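We're numbering straight along the sequence, starting at 1. From a predicted model like this one, the values you see are computed outputs, not experimental measurements. All values below come from the heavy atoms of this structure, side chains included, with hydrogens, waters and symmetry mates left out.
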Amino acid sequence: MTTPTPTTVTSSQASARFAEFTVIDVRTPGEYAGGHLPGAHNVPLDRLDEASRALKDAGARTPLLVVCASGARSARGCAQLARLGIEAATLAGGTSGWAAAGHPVERPAGSRSTWPMDRQVRLAAGSLVLVGFLAGAVWPPAYWVSGAVGAGLVFSGVTNTCGMAALLAKLPHNRPPRNSTSFQETLARLAG
């Protein structure tokens with residue numbers, strides 16, 4: 001089996017062919033609820049393997065367009081799908097670039113806007129480093145908190161993974177609203 005090569009499409013290219021795509025949003029349910037491309041299906045990045053059969057079925061009918069907030073997670077998602085033999089394209093600039101280009105974004109009624117995950121990680125990591133630094137002035141072993149966060153960020157950069165993002169994704173504000181489509185319903189819709 002040959003591995004498909006992920007491709008990147010711009011907002012204008014995606015807009016011109018939008019009806020052809022099945023759009024897969026790989027952000028957390030909370031981020032997705034804050035605004036997504038019209039008709040996008042929410043399949044969080046950490047659940048792509050679980051959704052592989054439904055995504056393969058959807059991809060056999062129409063091309064898959066994978067999106068996130070900025071394009072970084074969707075690129076990783078496309079690479080992950082390629083390893084599973086599923087062809088997909090990523091949207092350059094993500095939902096942010098799409099909206100900035102003036103294209104429509106759907107926001108479910110009653111949903112609240114959640115910060116993008118990369119911003120949540122920067123806030124959490126920066127806060128932990130600052131607390132470790134300040135607490136270290138009173139109790140020197142607390143400096144290790146700052147060191148551990150720094151080591152985690154280095155590991156994250158080297159491996160292109162983020163344990164802090166995985167933890168933050170489980171917080172209540174990153175969970176889907178009660179009235180949202182369940183993951184199982186999404187898989188059924190994708191499978192056709």
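Nearest heavy-atom pair, Met164 versus Ala124, reported as atom, atom and distance to 0.1 Å: SD-CB, 3.6 Å. In this structure, Gly132 and Val145 approach most closely via the heavy-atom pair CA-CB, 4.0 Å.
Following chains of ILVMFWY side-chain contacts shorter than 4.5 Å, one cannot reach Leu123 starting from Leu128, and the two form parts of different hydrophobic clusters. Tracing side-chain contacts under 4.5 Å through hydrophobic residues (I, L, V, M, F, W, Y), one never reaches Leu81 starting from Phe21; they form parts of separate clusters. Hydrophobic cluster membership differs between Val66 and Phe18, with clusters built from Ile, Leu, Val, Met, Phe, Trp and Tyr side chains linked at under 4.5 angstrom. There is no path of hydrophobic side-chain contacts, each under 4.5 Å, that joins Ile24 to Val9.
A donor-acceptor contact shorter than 3.5 Å is absent between the side chain of Ser74 and the backbone of Thr90. For Ser146 (side chain) and Val129 (main-chain N/O), a donor-acceptor pair under 3.5 Å exists by modelled atom type. A donor-acceptor pair is defined here as one N or O able to donate and one able to accept, closer than 3.5 Å; such a pair exists between the side chain of Tyr32 and the backbone of Ala40. Not a single donor-acceptor pair under 3.5 Å links the side chain of Ser15 to the backbone N or O of Ser11. When atom types are taken as modelled, the side chain of Thr28 and the backbone of Ala169 share no donor-acceptor pair closer than 3.5 angstrom. Put simply, the side chain of Gln120 never gets that close to the backbone of Leu168: no donor and acceptor are under 3.5 Å apart. Here the side chain of Ser156 pairs no donor or acceptor atom with the backbone of Gly152 at under 3.5 angstrom. In this structure, the side chain of Arg61 engages the main chain of Ala191 through a donor-acceptor pair within 3.5 Å. At distances below 3.5 Å, not a single donor-acceptor pair connects side-chain atoms of Arg17 with backbone N or O atoms of Gln13.
Within a 6.0 Å sphere centred on OH of Tyr143, other residues, nucleotides and ligands contribute more than 12 heavy atoms.
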Stepwise side chain to side chain contact (heavy atoms under 4.5 Å, CB included) test for Arg107 and His36: CA-CA 7 Å; Arg107 288 184 177 82; His36 54 269; over 6 Å; no
Gln80 vs Asp49, test: side chain to side chain contact (heavy atoms under 4.5 Å, CB included). Steps then yes/no. CA-CA 8 Å; Gln80 186 175 344; Asp49 285 342; 3.1 Å; yes
Candidate pair Glu50 and Phe183, rule side chain to side chain contact (heavy atoms under 4.5 Å, CB included), full reasoning: CA-CA 10 Å; Glu50 187 180 343; Phe183 184 68; 3.4 Å; yes
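Using a 4.5 Å heavy-atom threshold, the side chains of Ile86 and Ser52 count as touching. With contacts defined as side-chain heavy-atom distances shorter than 4.5 Å, the pair Leu91/Val23 does not qualify. Leu190 is listed as a side-chain neighbour of Val43, based on a closest heavy-atom distance under 4.5 Å. With contacts defined as side-chain heavy-atom distances shorter than 4.5 Å, the pair Ser70/Pro116 does not qualify. In this structure, the side chains of Thr22 and Leu65 stay at 4.5 Å or more apart for every pair of heavy atoms. For the pair Arg76/Val26, no side-chain contact is recorded, criterion being any heavy-atom separation below 4.5 Å from C-beta on. The shortest distance between side-chain heavy atoms of Trp98 and Val67 does not fall below 4.5 Å. Side-chain contact check for Pro38 versus Pro104: some heavy-atom pair is nearer than 4.5 Å.
Atom CZ of Arg47 sits about 9.5 Å away from atom CG of Asn42, to the nearest 0.5 Å. Interatomic distance, CZ of Arg53 versus CG of Leu55, reported as 11.5 Å (0.5 Å rounding). To the nearest 0.5 Å, the span separating CG on Leu187 from OG1 on Thr181 amounts to 11.5 Å. Taking NE2 of His103 as the start and CG of Leu37 as the end, the distance is 9.0 Å to the nearest 0.5 Å. The CG atom of Asp25 sits 4.0 Å away from atom CZ of Arg27, with the distance rounded to the nearest 0.5 Å. We find the SG-CG distance between Cys78 and Leu48 to be 9.0 Å, quoted to the nearest 0.5 Å.
Between Arg73 and Glu31 there is a salt bridge, with a side-chain nitrogen of the basic residue lying less than 4.0 Å from a carboxylate oxygen of the acidic one. A salt bridge links Asp118 with Arg122; the closest basic N to acidic carboxylate O contact falls under 4.0 Å.
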